[in-house]
Amino acid sequence: MTDSQTPDLRAAARELHDAGLCVLPIKADGSKKPSLPWLPYKVTRSTPEQHEEWFGGDRPRGIAVVYGGVSGGVEMLEFEGLAVRDGVLDEVTEIMEGSGLGEVWQSITTGWASQSPSGGVHYRVRVEGGVAGNKKLASRLAREDEYTAEERQRIAEKPNSKIVRVLIETRGEGGYGLVEPSGGAVHASGRPYVRLAGGPDSIPTLDAEMLEAVHAVCQMVDAMPREEKAKTAPRPKRELPEGGVRPGDDYEARTDWPEIIGDEFDPIFTRGNTTYWRRKGKAHGISATTGHAADRDRLYVFTTSTTFEAETPYDKFAAYTHLTQGGTGAEHFRRAAAELRGRGYGTEAPRRRLSSVPAQHFADGSSALDPDHAPDPQEGFEGGPQLRSVSSRPELDITNEADGIDGVLQLMKDGRLPDLYTRSGGPCWVYRDDNDDPIVQQLGTDNLRAYLADHVSSYVLKRNPLTEQLEEERELLMPKSCSTILGRKTWPLPILRGVVTSPVIRRDGTLLDSLGYDRATGLFLEPRVPLRRLAPQVTRDSLDRARAIVLDQVLADFPWVAASDRAHFLGALLTPILRPSFDGPTPMFVLTATAAGSGKSLLKDIFRHCFGIADTAWPENDTELRKSITTQLYGTGQPVVVLDNLPNGYVIKSPVLSALLTSEVWGDRVLGATSKVTMPNDRLWIVTGNALRTGGDNGRRVLWVRLDPDCPDPDQRDNFTIGDLRPWLRHNASTLVAALVTLVRAWVAAGAPRVRVRKGDYSEWASLMAGLLDFLGVEGWMADRSEARDQDDELQEWALFLEMWRETYGAEPLATGALIKGLPNHVPRKGDEPPSANQLGIWLKARQGRYFGTHKVVMVVDSHRKQNLWRVEVHADRETGGHES
C-alpha cells in the first residue's frame, strides 16, 4: 500500500463515489461476494448514506466497484497473476509499443492500476459509447503441476477434460471487482489489494475503436489450442505416394505471407516467430498475426473489418484460396489447387494405372483383322478355319467428353475396333442369331456403348482426395457421347457392302474364302457351313467330281418339267457365288409344281443348307410386301430370300415386286425410324407355291423352275440316288458348297466364257450364267420362253384378245363399245363381269404400243366424232421392224 492510499473504507468509498463509480460492500470470508443483494446496483449507483451504513463501525468489510454504465462506462482490464509471472503482461506491453498503441497503453497502465493479492494487475478505462459485458481475452491450458486436488479428480474421472487458466479478462457491464484497500479476510490469501498507480480520478477515456485495438492485442497472447476448421485447408493424414507434392503444400513452402496478404495487411513488427499485421487504412493497432502457432504458420485475424473471418486460423494455401476463389469450401480448394498446379506448383506422383491384364485371346477368323489371310491349300474338300491371335484392347482417356469422342473416332480410323463396320444407316456389326443365321445389326446408343465396354479400356482421371494422386478409374463412355458419335454423317470404319455365306468370286476373278471382312470387296464372309480347303488349281478330276455331286446326285431325281427347269435352278444355285462379280439385278425364281409333295421344299432346303435363307411368308398386300423386303435387306445377311407358300394357283402381280426386281438399290424407311436408308439389292429372290402364274409386268421378271412328278401321292416316291436329301444335306452341305465353288472356279480358270443372251435388265447376269452352264454342259438355259408366256395370265389373255380382234376386224379402227359388243367372249375381264366402254378404254391406253405376242393395239383419234378409236397392228418382220397395217 502506498502513502497515498486511504486507510479506511469510508474514505475509499467517498473517493470512488466522487469519481462517479458505484460501490459495493464485500464479505470478509474470502469468497469475494457482496455482503448484500447487489443486482439493483447494476443500474442504480449506491449513495454516500449507504456507504456510511455499510462501511461504518468495526465490522470487517471489503470494497468493490460495479463496472459498466452505472459507473459512467468504466471497464476493468485484469491480468491474472499467472499472466504477470508468465511474462504475458510484458509481451502485451511490447506489442502495444510496436503496434503504435504505446501512448494509449501508457495512459492505461498509469491511469489507475492496482495489484491483486494473487499478484495480478487491474487497469481501468472509461469507454465512450458504452461498455460490453465481461469477456475473456486470453487463456492457456493449466500445467499439470498447477492442478488443484479437485482438478486432479476431474482429470482422473474424465481424462479428456481441459483445465483452463484465464490470463486476461475484462469486467464490464454487469460485472464488479474488488479494489484497494480491501484486505485481511476479504481475500483467501489474507493479503490486501494495493494501488500501483493513479487513482479513480485519473482513469483514461478511450473510444470504442481504440478499446477494440487494445483488446485485439490482448487476444494475441491467447495460448489455447484452437480446433482446426475448413479455413485451414485440412489435409489427410496419409502420405502422398513417393514423388508427389500437393500444389497447396508446395505453395506454402515457396511463398511468403507478404506475397499472399500484402494487398490486405501491412507488417508492423516481428517478435520471435510472430509477425504482427495491421489492416491497410488503419492508423494503429494490430489486425492479425502470422507465425504465432507453434505447430504451423497460420494467419490469425482479430478484426471483423477484413474479408477474412475473425478468430479463425488460415494457413497460406487457405488464405490464397480465400482471396482468389472467394471462399474456403471444398470446391474453392479444388479450384485453387488446380490453378496452382497450372502455375507449376506441386509435383505429380506417378499415375496409378488401371489394373488390367492385356491378355491375348483367339478368334475363329470372323473379325476384321487380316483381310489378306487365306486358308492353306489342301487337296479335296477337307479342312476347317484356323485360329488367329487378337491383340489386347486399346486404352482410352475419356475424362474430357470431346477428347473421348475424338479418341473413339481415332480408334476407328486406326482399325483398332474389330468387327465394326459402316453402311448406309451408320455403324453396324455382324452376328449370328439363334438359328445360326448372320444378322447385320445397326448400332444404337446402347449397342455402341456395350461394344466399347467390351473392346476398349476407357477410363477417367480422378484425383484421390486423400493422396492427391491422379488415378485411372474405369468408366464407360456416356450414352450422350455414343449418341453424338452415331449422329455423325460419316465414320472412319470399313464399309460393309454385304454378307456372303459361302466363298464368292471377286470382280477380278479371285476367290474370296477368308472368314470375316474382306477389304477388297467390302463383303463379310460368314459361312453357313464349315468351309472345305480347296486345292490351288482346279483339276479335271475335281471338276468331274463336282459335276457328279451336283448334277448326278443332288439334282438327279427331281421331276423337272423340262431341261430349262433344271438349268434355271442350277443357275439360281450358282448365283450367290457369282453375285459380287457382276452388276445389275437378277430375276426372281418361281419354284412351282403341279401338286404338293413334288419337291419344292427340298429345292428350298438346298439353298438353306448351302447359303442360308431368309424365309418369310407371302404378305397380304403390297404395303406389307414392301416392309418385308426392307426388313430382309436391312437386317438379315442371308443371300437368298424366299417368299414361301403362295396360295395355290396364285397370280403373282405386284408393282412392288416389279420395282424390286429391276432396282440395283432399294430405298425405304426402316420400321421405327424416320430416316430413309438405301441398301444394295444383292439378294436372290425366290417364291414357292403350286400352280403359280404371273400377271402384269412380273412375267418378264421371273424365271420358272417347274416340277411335275406326274403321279398320285408324289410325296411317297422313293429309291432316289442319294436317298433322303435332307439328312444328306445335314452331313454333306459343306461338300456340296465346295462342289458348287469348284464348278465356278473351273469356269473362271477357263477364262469365264460368256454366251450373249438378251433378258432385259438381267442381260449381264443371263449372259454370264449362260456361259457358265454351257461350260458345264448343262442345256436348257432360258429355253422355255414360249412356255413362260403361257404362265403369264395377262399376257396370254391379251394376246388371244388381240389375235381375235385382228382376225375379226382386220386393221379397222373401232370404238370400245363396238369391241365389247362384237367380241363379248374375248374381251379381258376383271372378275366375272366384262368391262364398261370407259374401263376398256383405260386398259387400252395403258397397253397401247406394247406387243402381246406379235400383236399390239394402236390408238386412232377420230377428230370428226371427237373420240378415240382403236385398231390392232401385227409385227411382220422382227429383223426389219416392218409392220403390217
Side-chain angles (χ1 to χ4, degrees), residues 1-29 31-78 107-117 120-134 169-187 191-207 211:
M1 186 179 295
T2 66
D3 293 341
S4 63
Q5 288 178 341
T6 306
D8 64 77
L9 296 180
R10 281 184 296 180
R14 283 195 296 275
E15 179 187 22
L16 296 171
H17 183 77
D18 291 345
L21 304 174
C22 180
V23 178
L24 283 179
I26 300 299
K27 292 179 180 180
D29 60 0
S31 66
K32 297 191 287 184
K33 293 181 179 181
S35 59
L36 48 78
W38 71 285
L39 290 180
Y41 302 103
K42 289 185 177 183
V43 294
T44 304
R45 191 157 68 105
S46 58
T47 64
E49 292 75 19
Q50 291 172 318
H51 300 162
E52 287 296 328
E53 179 184 350
W54 295 341
F55 302 115
D58 297 330
R59 289 179 299 173
R61 286 281 192 275
I63 189 169
V65 171
V66 180
Y67 297 106
V70 74
S71 291
V74 175
E75 175 184 280
M76 180 182 76
L77 183 63
E78 178 181 1
S107 68
I108 292 174
T109 57
T110 60
W112 178 19
S114 306
Q115 185 179 60
S116 70
V121 179
H122 300 175
Y123 303 111
R124 288 87 178 176
V125 296
R126 195 177 300 278
V127 185
E128 295 177 352
V131 181
N134 301 336
E169 61 182 331
T170 67
R171 291 286 187 267
E173 192 67 46
Y176 70 90
L178 278 69
V179 299
E180 68 276 3
S182 299
V186 173
H187 193 275
R191 292 191 290 272
Y193 288 81
V194 179
R195 185 172 296 177
L196 297 177
D201 59 351
S202 60
I203 298 174
T205 299
L206 304 179
D207 58 27
L211 181 65

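Only heavy atoms go into these numbers, but all of them, side chains included; no hydrogens, no water, no symmetry mates. Just so you know, residue 1 is the first one in the sequence shown, and it goes up from there.
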Val65 side chain reached by Val74 side chain, heavy atoms, under 4.5 Å: no

Once you round to the nearest 0.5 Å, how far does CD of Glu169 lie from CE of Met76? 7.0 Å

Inter-residue atom distance Lys33.NZ - Trp38.CH2, 0.5 Å rounding: 12.5 Å

Considering all heavy atoms of both residues, which atom of Gly62 and which atom of Phe55 are nearest to each other, and what is their separation? O-CE2, 3.8 Å

Determine whether Arg10 and His51 make a side-chain contact, defined as any pair of heavy atoms from C-beta on separated by less than 4.5 Å. no

Between Ser31 and Asp29, which heavy-atom pair has the shortest distance, and what is it? OG-OD1, 2.5 Å

Quick one: CZ on Arg171 to CG on Leu178, what's the gap to the nearest 0.5 Å? 10.0 Å

If every non-hydrogen atom of Pro117 is compared with every non-hydrogen atom of Pro192, which pair is closest and at what distance? CG-O, 3.7 Å

Checking Glu180, His122, Glu78 against Ser114 for side-chain hydrogen bond (donor to acceptor under 3.5 Å, both in side chains), the one that qualifies is Glu180

Spacing of CG belonging to Leu39 relative to OG1 belonging to Thr44, to within rounding of 0.5 Å: 11.5 Å

Taking the side chain as everything from C-beta on, heavy atoms only, tell me whether Tyr41 gets closer than 4.5 Å to Leu36. yes

Do Arg126 side-chain atoms and Thr205 backbone N/O form a donor-acceptor pair below 3.5 Å? no

Of all heavy-atom pairs between Trp54 and Arg61, which one has the smallest distance, and what is that distance? O-NE, 3.6 Å

Apply side-chain contact (heavy atoms from CB on, under 4.5 Å) to residues Arg195 and Trp112 and explain how you reach the verdict. CA-CA 8 Å; Arg195 185 172 296 177; Trp112 178 19; 3.7 Å; yes

Check whether any side-chain heavy atom of Ile26 sits under 4.5 Å from a side-chain heavy atom of Ser182, and report yes or no. no

When rounded to the nearest 0.5 Å, the distance separating CD1 of Ile108 from CD1 of Ile203 is 11.5 Å

Would you indicate whether the side-chain heavy atoms of Tyr193 and Val179 approach each other to under 4.5 Å? no

So, the side chain of Thr170 versus the backbone of Asn134: is there a donor-acceptor pair under 3.5 Å, distance only? no

What distance separates Glu15 CD from Leu21 CG, expressed to the nearest 0.5 Å? 9.0 Å

Looking at Pro34, Ser35, Ser46, which one forms a side chain to side chain contact (heavy atoms under 4.5 Å, CB included) with Pro25? Ser35

Check: Gly69 main-chain N/O paired with Glu173 side-chain donor or acceptor under 3.5 Å: yes

State, yes or no, whether a side-chain contact exists between Ile63 and Val23 at a heavy-atom distance under 4.5 Å. yes

Tell me whether Gln50 contacts the main-chain N or O of Thr47 through its side chain, where contact means a donor paired with an acceptor under 3.5 Å. yes

With the side chain counted from C-beta on, respond yes when Pro200 and His17 share a heavy-atom pair under 4.5 Å apart, and no when they do not. no

Using side-chain heavy atoms (C-beta onward) and a distance below 4.5 Å, is Val131 in contact with Tyr67? no

Considering non-hydrogen atoms only, spot the tightest contact between Val70 and Lys42 and give its length. CB-O, 3.4 Å

Residue Lys32 excluded, over 12 heavy atoms near NZ under 6.0 Å: no

